[in-house]
Structure formats: C-alpha cells, structure tokens
2 protein chains.
Amino acid sequence: MKPTVHDIARSAGVSLATVDRVLNGRPGVRRVTRQRVEGAIAELGYVRDVAAANLAKSRTYAFTFILPANDNSFMIGLGDEVRGAIARSSLERMAVRIVNVPPFDPAALVAALDTVVLERPAGVAFVAIDTPDVRAAVQRVAAAGIPIVTLVSDLPEAARDHYVGIDNIAAGRTAGSLMGRFLGGGDATVAVLSGSMLVRDHRERLEGFATVVREQFPGLAILPVLEGRDDPALAEALVMQVLEDNPQIAGIYSLGAGNRGLIQALRKVSMTRRAMVIAHELTAYTRAALADGTIDAVLNQDAGHEVRSAIRVLKAKADGLPVIAAQERIRIDIFLKDNLP
Amino acid sequence: MKPTVHDIARSAGVSLATVDRVLNGRPGVRRVTRQRVEGAIAELGYVRDVAAANLAKSRTYAFTFILPANDNSFMIGLGDEVRGAIARSSLERMAVRIVNVPPFDPAALVAALDTVVLERPAGVAFVAIDTPDVRAAVQRVAAAGIPIVTLVSDLPEAARDHYVGIDNIAAGRTAGSLMGRFLGGGDATVAVLSGSMLVRDHRERLEGFATVVREQFPGLAILPVLEGRDDPALAEALVMQVLEDNPQIAGIYSLGAGNRGLIQALRKVSMTRRAMVIAHELTAYTRAALADGTIDAVLNQDAGHEVRSAIRVLKAKADGLPVIAAQERIRIDIFLKDNLP
DNA sequence: CTGTTAGCGCCTTCAA
DNA sequence: TTGAAGGCGCTAACAG
C-alpha cells in the first residue's frame with residue numbers, strides 16, 4: 001500500500017497539518033520537526049498524490065497561449081488545436097486561454113507578455129520572436145515564477161523553461177538530403193523560398209539545407225533566398241519571376257509557411273520539366289499539391305502534438321514534476337503522397 | 001462554477017446516493033427517478049470529475065501487456081518502454097505488468113490471453129498473431145468486458161477495441177516511393193527481406209511496397225521475397241546469397257525486424273556499386289548503419305509512443321471516455337542520417 | 001427503491 | 001509552533 005500523509009504523520013509523531021506544511025514548504029515548523037517529517041517521508045518513500053492534492057485545493061491550472069494573428073494555414077491550425085484543448089480543458093482542471101498579437105511585432109509581443117504576467121497564470125506558451133526585448137520580457141515572466149515555454153520558434157538563450165517544436169536545423173538538413181537524392185546527384189539549380197530571415201526557425205532551416213547541399217551535393221547551386229513574408233501574393237510573384245529568370249531550375253525548397261502562392265505559381269508556369277518541390281507544413285493546400293504531384297515532399301510539425309505537449313510540460317512545471325523528454329520531443333514528419341494520413 | 005453531484009441531487013430532489021446510482025448505471029432506481037436525475041444532469045451540463053471518482057474508489061487500473069519474447073532490438077525496446085511505464089505507473093494509479101509469450105506461437109498467445117482474463121485486469125494490450133484461434137481468444141476477452149488493444153501488429157476483424165501501431169500498407173508504400181526516387185527511376189533490381197509472411201504487418205508492408213513499385217516505378221524488378229524470420233544469422237546468409245546470385249541488385253528493402261544480419265552481410269560483401277538500402281525500426285544497429293551510410297533510410301514506429309498511447313487508450317476505454325483520435329495515431333517516422341534524433 | 005454517513009488523500013481555516 | 005476539524009467531488013456500505 002502506498003504511504004499517505006497519515007502514515008508519515010504517524011511515523012513522525014506529528015499531525016497532518018504539520019506534514020502538509022513540510023510537504024508544501026510552508027513556514028511555521030521548527031527545524032527539528034521538519035527534519036523528523038522529512039526523515040519519515042524519505043524512509044517510507046512517500047510520493048504525494050497530485051490528483052488528491054488538486055482536488056483538495058480545487059485547483060485549476062490557468063494557462064495562456066500567446067499566438068500571432070497570422071493568416072497562414074499553419075498558424076490558424078495551431079489556434080484551432082489550442083481551441084480544441086480549451087474545449088477539453090474543463091475536464092482536466094484547466095482554464096486555457098488565447099491572447100492574439102500582431103505577427104512579426106516584437107513590441108506587441110513584449111506588451112502581451114507583460115500583461116499576461118499580471119494575471120499570474122500557472123503557465124505561458126508563446127511563439128517567440130528573436131529580439132533582445134522579447135528575451136528580457138521572458139526573463140521577467142520567469143522571475144515572477146511563472147513557467148513559460150516557447151512554441152514553434154525558440155529563443156534559446158532566454159529564460160524559457162522549455163521549447164516545444166522541431167529541430168529546425170535538422171529539418172533543413174533533411175530537406176537538403178531529400179532534394180539532393182531526388183535530383184539524382186548531378187548538377188542542378190535550386191531556388192529557396194522563405195518567409196523572413198528575421199525569424200529563427202526559417203534561418204535555421206536554411207542553414208541546415210545549405211550545409212547538406214554544400215557537403216553532400218556540391219553539384220547543386222542555390223539561388224539567392226527569396227523572402228515571401230508568408231504572403232501568398234508576394235510569394236507567387238517571386239516564384240513566377242525566379243522561374244522566368246532561371247528556366248533551368250530543377251528544385252524548389254519552400255521553408256516558410258504560406259505555400260498557397262508557391263503552388264499557384266507552379267500551376268501557372270508551364271515548365272518543360274517539372275521542378276522537384278519540397279515544402280513545410282501539411283495544410284489543405286500542401287496536401288492537395290502533394291496528392292496531385294505538384295509538391296514532392298512535405299516536412300511537417302504536428303500542431304496538435306505541439307499544443308498537447310506544451311500543456312503537459314506547463315502542467316509538469318507548475319507541479320514541479322519532471323517531463324518525459326522522449327515524449328515531448330516534437331518530431332519532423334516527412335510526408336510523401338504515399339504516407340499522407 | 002462547475003456543477004457537482006450535490007447540485008444535481010438538489011436540482012432533482014434526490015440524495016447523493018441516487019445520483020451516484022444513475023451516474024454509474026447501477027440498479028435500484030425507479031424509472032421516473034432515474035429520468036429526473038438524467039434531466040438534471042443534462043440541464044446543468046454536469047460532467048463527472050474522474051479524478052475525484054478515482055480517489056473515492058481508490059481505484060488502480062491494472063493493465064497487462066502480453067509481449068513476445070523476441071530477442072530483436074525492437075521488441076526489447078518495446079519491453080523497455082513498458083517497464084518505463086511501470087516505473088511511473090504508481091503515480092498514475094496504475095499497475096502495469098508484462099506477460100511474456102514465446103514468439104510466433106499462436107497457441108501460447110491464446111493461453112496467455114485466457115489466463116489473463118481470469119485476473120480481470122482493467123485492460124490488455126498484446127502483439128497480435130493473425131490466426132482464427134487468437135481471434136476467438138480476443139473475442140472471449142472482449143466478452144468478459146475487458147478492454148483490449150492490439151499493439152504493433154493488428155487483427156482487424158477481431159473484437160479488439162483499438163489498434164496501436166502504424167499503417168503498414170502506407171509504410172510499405174513510402175518505402176517503395178523512396179526506393180524508386182532514390183534509384184532515379186530507371187531499370188533496376190530490388191531485393192526484399194522480410195521476417196515472416198505469416199505476420200500481418202510484414203505482409204502489409206510488402207503489399208504497399210509492391211503496389212507503388214508496380215504503379216510508379218515499373219522499371220524496378222522485385223526479386224522473390226526472402227524470409228529471414230528476424231534471425232540475424234539466417235538473414236545474413238540469405239542476403240549474402242542473394243547478392244552473390246544477383247550482382248546487379250541496386251536496392252534492398254528490409255521490412256522486418258532483426259537487421260543485424262542484413263547489416264553484417266552488407267559490410268562483408270564488396271559491391272562495385274553500393275545498393276540503396278531501406279529498413280524498418282530505428283535501433284542501435286540501424287542507427288549506426290544509417291550514420292555510416294550502409295543504410296539510406298529507416299522507417300520507424302516509436303515504441304515509447306505506442307506504449308503510452310496503448311495505456312491512454314486502455315484507460316479511456318476503462319473509464320468509458322472517448323479517445324482523441326489524432327493524438328493516438330502512430331506515425332511513420334522517416335529517418336535519414338540528417339534527421340536522426 | 002432511497003437516503004445517511006463515512007471515507008479516498010490532501011489542504012486549509014481556526015484554535016490552542 | 002502545532003493540532004483538530006471540516007471539506008474538495010465522488011463512491012460505498014448500511015440502514016430504512
């Protein structure tokens with residue numbers, strides 16, 4: 001039988017209240033008493049029943065997700081997943097809410113973080129922008145004792161407790177390797193379409209991609225990176241232009257979100273030989289393009305897993321519990337038309 | 001404030017006990033009373049607090065995993081993951097245990113299933129063998145009201161509540177697509193090494209692989225399937241032989257477990273041009289072979305995810321709760337040397 | 001058939 | 001500094 005507070009109270013010769021004080025590190029216990037209790041805890045191998053504790057506290061975990069109000073499919077899907085979690089949240093003693101901020105706007109993100117701290121939630125998840133002031137704001141959240149995790153895009157040197165998202169360098173490397181192999185290893189020209197080189201995940205993907213190409217497929221020439229700002233119209237124009245200027249293009253790597261424009265352009269331009277296309281994020285658009293052969297491979301991060309992982313991690317941090325690292329590693333899904341879920 | 005049993009008792013004008021009876025479908029409640037209570041439940045939007053209920057019941061979920069005592073890395077890893085879950089299980093009000101059975105032995109599996117039923121656990125997970133007597137045994141478990149899930153290898157027409165594992169046809173298709181693309185689409189000869197055509201997952205992988213090759217890469221010729229019974233020595237001999245007999249082999253698809261033998265053979269045989277190799281399951285052996293270029297791609301199912309998913313599903317079934325389908329879908333991981341975790 | 005009462009393991013007033 | 005008592009939401013005897 002698992003020991004309970006009663007057992008350790010009896011074993012230490014004190015009352016339940018005292019045990020509770022020690023357990024929760026509350027003041028008002030003599031040093032000797034505390035040690036006696038801690039001895040009993042260690043001896044009996046007591047572990048607190050979190051469910052019972054939460055019941056007694058009638059605790060609900062308040063978690064806040066700060067999401068950019070981007071209109072690309074991935075961010076919308078991420079929001080949907082959070083809303084799905086909200087729907088289930090009352091069953092789990094959680095109160096999850098969403099705060100939207102304008103995209104690519106560090107000042108707005110900082111303001112949101114500072115506002116959120118005032119409400120003292122049990123945890124915060126947010127999509128990071130990589131600037132010093134955001135870093136400082138994260139530091140303030142952490143200093144307030146509120147668990148905070150980055151989502152999708154990280155801020156490595158900051159005080160965040162955890163990063164929920166894929167390894168973007170590995171993702172870029174994988175794209176590079178697939179591109180090189182699919183193109184057969186000869187000489188060829190490859191175009192890269194990004195959202196913005198100001199966000200870390202895009203920079204890292206490019207870095208990984210370029211590294212693999214340089215090391216393993218020296219025959220591939222990478223054209224200057226296009227920045228489509230995840231905007232369909234702009235991306236479409238850029239892709240049309242680059243295909244016109246470089247009819248020899250054999251491959252395209254789209255490492256950002258907002259692939260609608262890319263797909264439109266590919267459908268419009270008539271190429272003698274279709275280019276090999278690798279993109280990120282499985283959305284309605286990329287899925288259709290994969291199915292009909294416009295896109296050859298899609299690297300994906302599962303937004304549902306990310307949201308659930310973020311919640312699990314925040315809850316664990318809030319309870320002072322360890323996280324199962326293997327469970328929380330977000331994997332890079334590779335989809336071909338043959339393994340579409 | 002979320003309504004509690006007290007609220008619905010008051011609203012329906014009955015006692016807690018009666019509410020409890022209705023909630024748990026226990027007998028001894030008049031029809032009218034029951035309906036009154038159900039009305040109140042619906043009206044107030046009551047949802048039972050499972051944590052509190054479990055506390056009151058001091059319930060612990062007893063789950064049994066029936067695992068084949070195979071000595072390949074994948075099955076050993078699966079066992080390790082279950083043991084990891086056991087280590088954490090007491091915290092979660094669970095008592096997980098493992099029953100080992102001889103591999104590829106339907107009669108032993110049936111005996112194990114029938115024995116396990118007698119202990120009336122809260123749920124059973126097992127690696128299926130696809131025979132009628134196993135199917136019948138599963139039927140008996142289900143008839144006893146015990147939730148049961150298949151793990152890794154399914155038994156589709158049986159009475160199992162859920163299958164925890166990858167879509168093996170899609171996995172085979174993916175392997176076929178990668179093989180075709182990596183080989184550049186021309187004429188070539190491909191060998192296939194399986195464990196046994198008696199287990200369903202291997203059959204399905206072959207089916208998916210062959211289909212894609214036939215439809216999309218007609219230039220590829222598939223040699224007769226080798227059955228290595230997941231035995232390193234046998235697999236090694238078979239691969240050595242086939243490479244000797246068919247020096248023109250350009251690709252090998254290893255769709256079973258036990259890749260040690262394959263890797264050994266590949267390292268021994270000196271080929272003028274290295275064959276493209278695609279295998280299943282990321283283990284210490286395949287990981288090393290991937291890293292050093294002996295294997296080109298590994299399709300993997302994450303044993304840790306599978307075990308955790310099986311437990312979540314069994315718990316949900318035991319509580320009569322729905323499962324989050326998206327969360328429980330086991331994905332086909334594709335690893336190249338560039339995205340090794 | 002229905003209600004009363006005493007917990008499950010823990011936390012939290014309120015007294016002492 | 002410590003303890004007694006009541007309660008979180010639900011279940012389970014045991015009476016009526």
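Here is how names work: the chains are called A, B, and so on, in the same order as the sequence lines, proteins then strands, and each is numbered from 1.
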OP1 or OP2 of dA4(D) under 4.0 Å from side-chain N/O of Ser15(A): no
Test: Arg59(B) cationic atom under 6.0 Å from Tyr61(B) six-membered ring centre, within 45° of axis: yes
Qualifying residue for side chain to side chain contact (heavy atoms under 4.5 Å, CB included) with Leu113(A), from Thr64(A), Val99(A), Val141(A): Val141(A)
Listed partners of Asp161(A) passing salt bridge (Lys or Arg N to Asp or Glu O under 4.0 Å), at least two apart: none
Phosphate OP1/OP2 of dG3(D) contacted by Thr18(A) side-chain N/O (<4.0 Å): yes
Contacts of type side chain to side chain contact (heavy atoms under 4.5 Å, CB included), residue Ala158(B), not counting sequence neighbours: Arg135(B), Val138(B), Leu155(B)
Heavy-atom check, side chain of Leu67(A) versus side chain of Leu151(A), under 4.5 Å: yes
Atom-pair distance (NE2 on His6(B); P on dT5(C)), nearest Å: 13 Å
Whole-Å gap separating C1' (dC8(D)) and NZ (Lys2(B)): 12 Å
Value in whole Å for how far the C1' atom of dG9(D) lies from CD1 of Ile8(B): 12 Å
Interatomic distance where CG belongs to Asp7(A) and C1' belongs to dC8(C) [whole Å]: 13 Å
Flag side-chain contact, heavy atom, 4.5 Å: Val127(A) against Met75(A): yes
Spacing of Glu81(A) atom CD and Ile76(A) atom CD1 [to the nearest 0.5 Å]: 13.0 Å
Nucleic acid contacts of residues 42-49 of chain A, taken as heavy-atom distances under 4.0 Å to DNA chain C: Tyr46(A), Arg48(A), Asp49(A)
Spacing of Arg93(A) atom CZ relative to dG9(D) atom P, expressed in whole Å: 7 Å
Results of side chain to side chain contact (heavy atoms under 4.5 Å, CB included) for Ser309(B) - residues two or more places apart only: Val164(B), Arg312(B), Val313(B), Glu328(B), Ile330(B)
Nucleic acid contacts - residues 29-38 of chain A versus DNA chain D, non-hydrogen atoms under 4.0 Å: Val29(A), Arg30(A), Thr33(A)
Rounded distance (Å) that lies between atom P of dA12(D) and atom CG of Leu55(B): 12 Å
Side chain to side chain contact (heavy atoms under 4.5 Å, CB included) against Arg120(B), all qualifying residues, sequence neighbours excluded: Ala144(B), Ile146(B)
Arg140(A): partners by salt bridge (Lys or Arg N to Asp or Glu O under 4.0 Å), with sequence neighbours left out: Asp114(A)
Taking only nitrogen or oxygen atoms into account, show me every contact under 3.5 Å that the protein makes with nucleotides 12-16 of chain C, one pair per line with its distance.
| residue | atom | partner | partner atom | Å |
| --- | --- | --- | --- | --- |
| dT12(C) | OP2 | Arg26(A) | NH1 | 3.1 |

Interatomic distance, Asp319(A) CG vs dC11(C) P [rounded to whole Å]: 11 Å
Atom pair distance, as rounded to whole Å: CG in Leu91(B) and C1' in dG9(C): 14 Å
Sugar-phosphate only, base, or nothing, as touched by Val19(B) at under 4.0 Å among non-hydrogen atoms: nothing
By salt bridge (Lys or Arg N to Asp or Glu O under 4.0 Å) - contacts of Arg88(A) (at least two apart): none
For Arg30(B), side chain to side chain contact (heavy atoms under 4.5 Å, CB included) partners two or more places apart: Val32(B), Thr33(B)
Contact nearer the 5' end of DNA chain C, comparing Leu23(A) with Pro27(B): Pro27(B)
Salt bridge (Lys or Arg N to Asp or Glu O under 4.0 Å) involving Glu306(B) - partner list, sequence neighbours excluded: none
pair Val134(B)-Asp130(B): side-chain heavy atoms closer than 4.5 Å: no
Axis deviation across the helix from dC1(C)-dG16(D) to dA16(C)-dT1(D), five-pair ends, to the nearest 10°: 40°
